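Structure record follows, encoded as structure tokens.
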Amino acid sequence: MRERLTLPSPAKLNLMLHILGRRADGYHELQTLFQFLDYGDEMTFAVRDDGVIQLHTEFADVPHDSNLIVKAAKKLQQQSGCTLGIDIWIDKILPMGGGIGGGSSNAATTLLGLNHLWQLGWDEDRLAALGLTLGADVPVFVRGHAAFAEGVGEKLTPVEPEEPWYVVLVPQVSVSTAEIFSDPLLTRNSSPIKVRPVPKGNSRNDCLPVVARRYPDVRNALNLLGKFTEAKLTGTGSCVFGGFPNKAEADKVSALLTETLTGFVAKGSNVSMLHRKLQSLL
Ligand SMILES: C[C@@](CO)(OP(=O)(O)O)[C@H](O)COP(=O)(O)OP(=O)(O)OC[C@H]1O[C@@H](n2ccc(N)nc2=O)[C@H](O)[C@@H]1O
Ligand SMILES: Nc1ncnc2c1ncn2[C@@H]1O[C@H](COP(=O)(O)OP(=O)(O)O)[C@@H](O)[C@H]1O
């Protein structure tokens with residue numbers, strides 16, 4: 001039987017997110033801090049000889065060919081000229097449209113997994129450049145290290161923030177990133193942070209006022225978690241998170257809040273669990 005490979009596809013948090021302005025193409029210039037969670041989907045890959053790319057797990061709202069997993073596999077196959085195909089299964093636990101980057105992470109895990117199985121020998125720069133054509137958040141998942149991101153998220157500088165335990169609340173609404181970025185009330189004039197590492201006190205997310213105004217469930221989650229710690233929004237939401245010094249404290253708060261809200265506890269990590277697994281294969 002052909003080789004099978006099972007790889008993690010972790011979530012990310014935006015520990016801060018400042019919007020500096022809007023470019024001529026409508027995209028926004030950002031400064032944001034990405035950190036991974038030791039929590040995510042699990043993907044299994046098996047090589048096929050006939051060149052077919054088949055995702056076997058069905059997604060309720062995403063047609064097969066629109067799935068970022070399939071798009072990533074097809075682009076890599078086309079651009080590398082590889083004649084092999086792939087069967088893919090995913091155990092999907094990350095909420096979609098939650099600002100924790102599940103789709104982008106799945107795309108990155110696909111690129112790195114296929115690069116390995118198809119023995120393409122592409123380096124990280126090339127995979128990250130292909131990833132950027134799939135979504136602004138794909139490159140950080142390809143590189144696998146916590147990063148300060150600029151531009152539309154593609155200029156990455158590795159950073160080493162603290163790695164607390166997080167309570168992540170998952171309001172049952174999907175937030176459209178495009179909708180938040182086109183809201184006239186969004187502020188787009190934050191001053192660029194020029195000092196490195198980013199000084200403390202810059203943990204604001206400029207999307208929060210607009211998201212909280214539009215989505216009462218997100219507002220509610222921020223208020224509830226805010227009783228225990230600084231409650232923040234990741235990306236354009238909907239997920240809300242707060243850090244705790246250890247697992248026991250995070251578990252205690254989570255137990256109280258998940259009586260009424262969906263959520264989970266996970267450790268922050270500056271090296272993605274995908275990269276830790278790939279490293280162990282070498
Ligand atoms: C802003 C972030 C922070 O992590 O939000 P989340 O999606 O994670 O919540 C991301 O960079 C999002 O990345 P991603 O979700 O890949 O966005 P894309 O598919 O590239 O863009 C979706 C839409 O959002 C808008 N968009 C996105 C990124 C950006 N820097 N400026 C924008 O204006 C554009 O209208 C674009 O059509
Ligand atoms: N493999 C995938 N996993 C999740 N979402 C996907 C996937 N492929 C395509 N999508 C689409 O991308 C959208 C954003 O997904 P996701 O990355 O999970 O959210 P966010 O960018 O808010 O973190 C989804 O609502 C879905 O329509």
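Just so it is clear, the model here is predicted, and its values are computed rather than measured. Both ligands and their constituent atoms are indexed starting at 1 by order of listing.
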Atom indices of ligand 1, in the order listed, that fall short of 4.0 Å to a heavy atom of G26: 33 (O)
Assess whether a salt bridge exists between D217 and R219, defined as any Lys/Arg side-chain N lying under 4.0 Å from an Asp/Glu carboxylate O. no
Between R196 and E150, is there a salt bridge with N-O shorter than 4.0 Å? yes
Is the shortest heavy-atom distance from the side chain of P164 to the side chain of P245 under 4.5 Å? no
Please indicate, with yes or no, if any protein heavy atom is found under 4.0 Å from atom 20 (P) of ligand 2? yes
Would a distance-only check, ignoring hydrogens and angles, find a side-chain to backbone donor-acceptor pair under 3.5 Å from R188 to L186? yes
Evaluate F244 against F228 for ring-ring contact (aromatic ring centres under 6.0 Å, His included), listing each step before the verdict. CA-CA 9 Å; F244 294 88; F228 302 94; 7.5 Å; no
With atoms numbered from 1 as shown, which atoms in ligand 1 lie under 4.0 angstrom from a non-hydrogen atom of F34? 4 (O)
Is any N or O atom of K92, backbone or side chain, closer than 3.5 Å to an N or O atom of ligand 2? yes
Charged N-O contact under 4.0 Å between R143 and E124: yes
Tell me the protein heavy atom at minimum distance from atom 24 (C) of ligand 2, and give that distance in Å. M96 CB, 4.2 Å
Filtering V140, T236, V175 for the heavy atom nearest atom 5 (O) of ligand 1 leaves T236
So, D183 and R214, do they make that salt bridge, N to O below 4.0 Å? yes
Less than 4.0 angstrom from a charged side-chain N to a carboxylate O is my criterion; do D38 and K267 meet it? no
Using links of under 4.5 Å between side-chain heavy atoms of ILVMFWY residues, direct or through other members, which residues join M16 in one cluster? L13, L15, L33, L37, Y39, I93, L94, I100, F148, V159, Y166, V168, V170, I193, V198, F241, F264
Does N106 reach ligand 2 with a nitrogen or oxygen that is under 3.5 Å from one of the ligand's nitrogen or oxygen atoms? yes
Numbering the atoms of ligand 1 from 1, which are under 4.0 Å from a heavy atom of K12? 4 (O), 8 (O)
Can you pull out the closest protein heavy atom to atom 23 (O) of ligand 2? Residue, atom name and distance to 0.1 Å, please. G101 N, 2.7 Å
Does ligand 1 have any atom that is closer than 4.0 Å to a heavy atom of T177? yes
So does G51 get a backbone contact from the side chain of Q77, meaning a donor-acceptor N/O pair under 3.5 Å? yes
For I100, the atoms of ligand 2 under 4.0 Å from one of its heavy atoms are 23 (O)
Among I90, L68, L94, V138, which residue places a heavy atom closest to atom 8 (N) of ligand 2? L68
Whether G235 lies under 4.0 Å from ligand 2, heavy atom: no
List ligand 2 atoms under 4.0 Å from N67, heavy atoms only on the residue side. 1 (N), 2 (C), 7 (C), 8 (N)
If we count only non-hydrogen protein atoms and require a distance under 4.0 Å, does atom 9 (O) of ligand 1 qualify as touching the protein? yes
Pick, from S238, A178, A136, G237, the option with the minimum heavy-atom distance to atom 17 (O) of ligand 1. A136
F59 to ligand 2: N or O pair under 3.5 Å? no
Kindly work out whether a path of hydrophobic side-chain contacts (I/L/V/M/F/W/Y, heavy atoms less than 4.5 Å apart) joins V52 to V70. no
Are K74 and D65 within salt-bridge range, i.e. N to O under 4.0 Å? yes
Applying a strict 4.0 Å limit to heavy atoms, is D61 in contact with ligand 2? no
What protein heavy atom is closest to atom 13 (C) of ligand 2, reported as residue, atom name and distance in Å? G97 N, 4.9 Å
Give me the residue, atom name and distance of the protein heavy atom closest to atom 26 (C) of ligand 2. V62 CG2, 3.8 Å
